[in-house]
Amino acid sequence: MSNMMDDPENHYRAEEQIKCVFYSLVVRNEAVKKKWRARLKDYWRRYGAVYNDDITATCFMGPYWDEQYGELIEKGLEAGRDFVLFDASNVILEKDGTAFPFKTGWIGGYVYQAGVMIFLRH
């Protein structure tokens with residue numbers, strides 16, 4: 001999608017996985033497209049997110065996700081179905097390659113260098 005290349009620092013190629021650290025909020029791009037009137041670009045800029053063609057991630061060094069989480073709910077997105085919030089910092093002692101247990105089936109991940117590499121399951 002050429003419109004995603006507008007911000008090359010935050011854009012990953014379609015097949016690339018995204019590394020999450022600390023507290024992380026991940027949203028399915030398809031859900032944002034359907035519910036966010038201003039579209040994906042606005043969401044990315046507003047929250048300084050990193051993204052690929054399928055998912056968008058924002059990482060927080062502390063519990064500062066309330067505004068973003070609340071706005072997703074306000075727009076009609078559903079936690080678990082459209083986005084997830086998880087703690088990627090609790091894997092620091094896990095072995096690289098260890099599967100990360102998500103409670104929803106649309107996102108997958110594994111431990112990598114004290115973080116969690118995430119991807120959209122197809």
Mind jotting down which residue pairs meet the side-chain hydrogen bond (donor to acceptor under 3.5 Å, both in side chains) criterion with at least one end in residues 113-122? Sequence neighbours excluded, please.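 Found Asp54-His122.
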How is the hydrophobic cluster of Tyr112 composed, in terms of its other members, when Ile, Leu, Val, Met, Phe, Trp and Tyr link through side-chain heavy atoms under 4.5 Å apart, directly or indirectly?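 Cluster partners of Tyr112: Tyr110, Met117, Phe119.
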Phe22: hydrophobic cluster co-members (side-chain, 4.5 Å):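 Cluster partners of Phe22: Val21, Met61.
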According to ring-ring contact (aromatic ring centres under 6.0 Å, His included), who are the partners of [X], at least two apart in sequence or on a separate chain?
X: Trp106; answer: none
X: Phe102; answer: Phe86, Phe100
X: Phe83; answer: Tyr69

Can you name the residues that form a side chain to side chain donor-acceptor pair (under 3.5 Å) with [X], not counting sequence neighbours?
X: Asp96; value: none
X: Gln68; value: Tyr43, Thr58
X: Thr98; value: none

Out of the candidates Trp44, Tyr51, Tyr47, only one should pair with Thr56 under the side chain to side chain donor-acceptor pair (under 3.5 Å) rule; please name it.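 With Thr56 as partner, Trp44, Tyr51, Tyr47 yield a single side chain to side chain donor-acceptor pair (under 3.5 Å), made by Trp44.
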Is it the case that more than 12 heavy atoms not belonging to Ile92 sit under 6.0 Å from its CD1 atom?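 No, the 6.0 Å shell around CD1 holds no more than 12 heavy atoms from other groups.
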Between Leu72 and Leu25, is a side-chain contact (heavy atoms from CB on, under 4.5 Å) present by the stated rule, with each step listed? CA-CA 11 Å; Leu72 290 169; Leu25 192 152; 3.6 Å; yes
Report the residues that fulfil side-chain contact (heavy atoms from CB on, under 4.5 Å) with Tyr23, sequence neighbours left out, ordered by chain and then residue number.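 Scan of Tyr23 (side-chain contact (heavy atoms from CB on, under 4.5 Å), adjacent residues dropped) gives Phe60, Trp65, Asp87.
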Mind listing the closest non-hydrogen atom pair of [X] and [Y] along with its distance?
X: Ala79; Y: Ile73; value: N-CD1, 4.3 Å
X: Arg39; Y: Lys33; value: NH1-O, 2.7 Å
X: Glu16; Y: Asn52; value: O-ND2, 2.8 Å
X: Cys59; Y: Ser24; value: SG-OG, 3.5 Å
X: Leu77; Y: Ala31; value: CD2-CB, 3.7 Å

Rounded to the nearest 0.5 Å, what's the gap from CG on Leu120 to CG on Asn29? Could you check?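 Rounded to the nearest 0.5 Å, the CG-CG separation comes out at 8.5 Å.
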Return the CD1 to CD1 distance between Ile55 and Ile107, rounded to the nearest 0.5 Å.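 With rounding to 0.5 Å, CD1 (Ile55) is 5.5 Å from CD1 (Ile107).
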Qualifying salt bridge (Lys or Arg N to Asp or Glu O under 4.0 Å) pairs with a residue from residues 73-85, counting only residues at least two apart or across chains: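 Counting only pairs at least two positions apart or across chains, the salt bridge (Lys or Arg N to Asp or Glu O under 4.0 Å) contacts touching residues 73-85 are Arg28-Asp82, Glu71-Lys75, Glu78-Arg81.
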